[in-house]
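The next block holds one structure in the form of structure tokens; read it before the comments.
Here is the naming used below: chain letters follow the sequence lines, and residue numbers restart at 1 for every chain. FYI, side chains are in, hydrogens and waters are out, and symmetry mates aren't considered; it's all heavy atoms of this structure.
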There are 2 protein chains.
Amino acid sequence: MAGSSGLGRRAAPSPHSARDNAPLYEHIELLFFAYRDFVGDADRLLEDYGFGRAHHRVLHFVNRHPGLTIAALLDILKITKQSLNRVLKELVAKNFVEARAGAVDRRHRQLFATEAGERLASELARVQTRRFAAAFESLGASAKEESARFLLAMIDAPERERVTRLIASGRGRSK
Amino acid sequence: MAGSSGLGRRAAPSPHSARDNAPLYEHIELLFFAYRDFVGDADRLLEDYGFGRAHHRVLHFVNRHPGLTIAALLDILKITKQSLNRVLKELVAKNFVEARAGAVDRRHRQLFATEAGERLASELARVQTRRFAAAFESLGASAKEESARFLLAMIDAPERERVTRLIASGRGRSK
DNA sequence: CGTAATATGTCAACAATGCTGACCTAAATG
DNA sequence: CATTTAGGTCAGCATTGTTGACATATTACG
């Protein structure tokens with residue numbers, strides 16, 4: 001039973017061996033299941049609107065960064081403009097997102113969540129927040145900051161700075 | 001450092017935890033980016049074999065649970081048998097997975113990773129483990145157990161027990 | 001034994017969301 | 001004015017999920 005780390009216990013502080021190559025199956029699988037349930041929350045909501053996960057991501061970041069341009073959004077999502085456009089068109093058609101010509105450079109489109117868009121984005125954030133909040137409540141006060149540090153450390157090192165800035169620059173909270 | 005108010009687990013609910021509605025945008029976005037990079041590791045490897053994420057999941061769980069039946073795998077992955085069969089057929093055709101008739105009930109198929117399958121599964125687990133290991137190294141000794149508790153707490157409550165058992169029953173470690 | 005239930009396989013079609021490549025317009029820039 | 005930049009669009013394709021219907025083999029049961 002080498003390498004067991006135990007799910008619910010306080011492990012003794014093991015002096016971690018210099019070259020421990022044991023696959024962290026536990027963590028790999030926990031992240032898989034956790035993410036699946038995490039996005040599942042939103043999926044159920046989105047169904048009522050005829051939207052998918054791609055719509056969610058676009059709406060989320062537009063709501064968080066009013067005035068975002070297409071190029072900036074593409075850079076966040078790392079998808080092609082064709083993939084983005086497909087879902088963005090639907091969000092605009094259904095009046096959840098509005099695209100205005102850029103104030104300074106009219107070639108740009110600046111994206112904004114409409115009132116309906118804000119409402120849906122908030123609702124989506126709310127169900128996902130609930131999952132985090134429930135976890136933190138069961139884990140203790142430090143879990144909130146610890147988990148943020150953990151998740152950041154799981155992001156590609158060269159991206160961390162960018163992500164940190166992106167998150168910090170987002171619009172604070174809904175209502 | 002800010003906001004930590006107690007080292008013990010199971011801390012008493014902090015002042016506004018009961019009705020704190022502020023969306024946890026930071027965590028939501030960190031999890032999104034972290035998961036994207038996490039699966040990205042495997043995606044790059046899989047490309048060389050002409051496999052996708054669906055193949056990865058099947059190969060992973062078959063390797064972890066030799067002798068797994070189709071029904072059990074469907075229950076883990078929560079996809080339809082048609083979706084599973086599409087990728088499973090390819091894994092068998094390319095000789096990464098083997099399906100034998102069940103020993104006791106010949107209606108069952110028991111799935112096993114071939115030697116090539118084990119090799120690929122190990123390689124995939126290795127790159128994903130590396131990401132976790134690097135994170136834990138930067139975060140300190142307790143992060144490994146803390147993150148496992150956090151991830152488990154993010155899973156649907158009624159599923160946690162099942163997942164815990166599933167993980168515990170998996171084949172230990174590769175060489 | 002014979003029928004029913006079970007475990008699996010398969011065909012066809014469709015939906016969501018990625019991708020590439022090509023080509024178009026509008027606006028800014030030099 | 002020519003070029004570059006930002007974006008839109010069309011066509012087609014790949015992956016991976018879905019339903020629904022039907023086929024086959026094997027086991028279980030009355």
Next on the checklist: Under 4.0 Å between a side-chain nitrogen and a carboxylate oxygen: does that hold for E161(B) and R165(B)?
Outcome noted: yes
Checklist entry - Which residues satisfy the salt bridge (charged side-chain N to carboxylate O under 4.0 Å, His left out) test with E146(A), sequence neighbours excluded? => result none
Checklist entry - Does E159(A) have any salt bridge (charged side-chain N to carboxylate O under 4.0 Å, His left out) partners at least two apart in sequence or in another chain, and if so, which? => result K78(A), R162(A)
Checklist entry - What pairs with T80(B) under side-chain hydrogen bond (donor to acceptor under 3.5 Å, both in side chains), at least two apart in sequence or on another chain? => result S83(B)
Next on the checklist: Parallel, tilted or perpendicular, judged at 30° and 60°: which one describes the rings of H56(B) and H60(B)?
Outcome noted: perpendicular
Next on the checklist: What is the distance, to the nearest angstrom, from the CG atom on L77(A) to the P atom on dA16(C)?
Outcome noted: 18 Å
Next on the checklist: Counting only heavy atoms and a strict 4.0 angstrom limit, can you tell me which residues of residues 38-63 of chain B come near DNA chain D?
Outcome noted: G52(B), R53(B), A54(B), H55(B), R57(B)
Next on the checklist: How many whole angstroms separate atom CG of L111(B) from atom P of dT8(C)?
Outcome noted: 8 Å
Checklist entry - Considering the terminal five base pairs at each end of the helix from dC1(C)-dG30(D) to dG30(C)-dC1(D), what angle separates the two local helix axes, rounded to 10°? => result 10°
Checklist entry - Could you give the CG-to-C1' distance, from L73(B) to dT8(C), as a whole number of Å? => result 13 Å
Next on the checklist: What is the separation between atom CG on L74(B) and atom P on dT6(C), rounded to the nearest whole Å?
Outcome noted: 16 Å
Checklist entry - Do the side-chain N and O atoms of N21(A) and R126(B) include a donor-acceptor pair separated by under 3.5 angstrom? => result no
Checklist entry - Any donor-acceptor pair under 3.5 Å linking the side chain of H65(A) with the backbone of V62(A)? => result no
Item to check | Whole-Å distance separating the CG atom of L88(B) from the C1' atom of dT10(C) | outcome: 13 Å
Next on the checklist: Does the Lys NZ or Arg CZ of K144(A) fall within the cation-pi geometry relative to F150(B) - under 6.0 Å from the ring centre and within 45° of the axis?
Outcome noted: no
Item to check | DNA chain D: 5'-most and 3'-most nucleotides touching chain B, 4.0 angstrom heavy-atom criterion | outcome: dT16(D) to dT27(D)
Item to check | Contacts of type salt bridge (charged side-chain N to carboxylate O under 4.0 Å, His left out), residue E115(B), not counting sequence neighbours | outcome: none
Item to check | K94(B) side-chain N/O to Y49(B) backbone N/O, donor-acceptor pair under 3.5 Å | outcome: yes
Checklist entry - Should I28(A) and F132(B) count as side-chain neighbours, where that means a heavy-atom distance under 4.5 Å? => result yes
Without placing hydrogens or testing angles, list every side-chain donor-acceptor pair under 3.5 Å for residues 97-106 of chain A, not counting sequence neighbours.
residue, atom, partner, partner atom, Å
D105(A), OD1, R107(A), N, 2.9
D105(A), OD1, R107(A), NE, 3.1
D105(A), OD2, R107(A), NE, 3.4
D105(A), OD2, R107(A), NH2, 2.8

Can you give each donor-acceptor pair under 3.5 Å made by side-chain atoms of residues 34-47 of chain A, sequence neighbours left out, with the distance rounded to 0.1 Å?
residue, atom, partner, partner atom, Å
R36(A), NH1, I76(B), O, 3.2
R36(A), NH1, L77(B), O, 2.9
R36(A), NH2, I76(B), O, 3.4
D37(A), OD2, D156(B), N, 2.8
D41(A), OD1, R131(A), NH2, 2.9
D41(A), OD2, R131(A), NE, 2.8
D41(A), OD2, R131(A), NH2, 3.3
D43(A), OD1, R53(A), NE, 3.2
D43(A), OD2, R53(A), NE, 3.0
D43(A), OD2, R53(A), NH2, 2.8
R44(A), NE, G40(A), O, 3.4
R44(A), NH2, G40(A), O, 3.3

Next on the checklist: Going by salt bridge (charged side-chain N to carboxylate O under 4.0 Å, His left out), name the residues that satisfy it together with E90(A), two or more places apart in sequence or in a different chain.
Outcome noted: none
Scan nucleotides 20-25 of chain C against the protein and return all N/O pairs shorter than 3.5 Å with their distances rounded to 0.1 Å.
residue, atom, partner, partner atom, Å
dG21(C), O6, Q82(A), NE2, 2.7

Checklist entry - Rounded to the nearest 0.5 Å, how far does OG of S138(A) lie from CE of M154(B)? => result 10.5 Å
Between protein and nucleotides 26-30 of chain C, what N or O pairs are separated by less than 3.5 Å?
residue, atom, partner, partner atom, Å
dA28(C), OP1, R106(A), N, 3.1
dA28(C), O4', R107(A), NE, 3.4

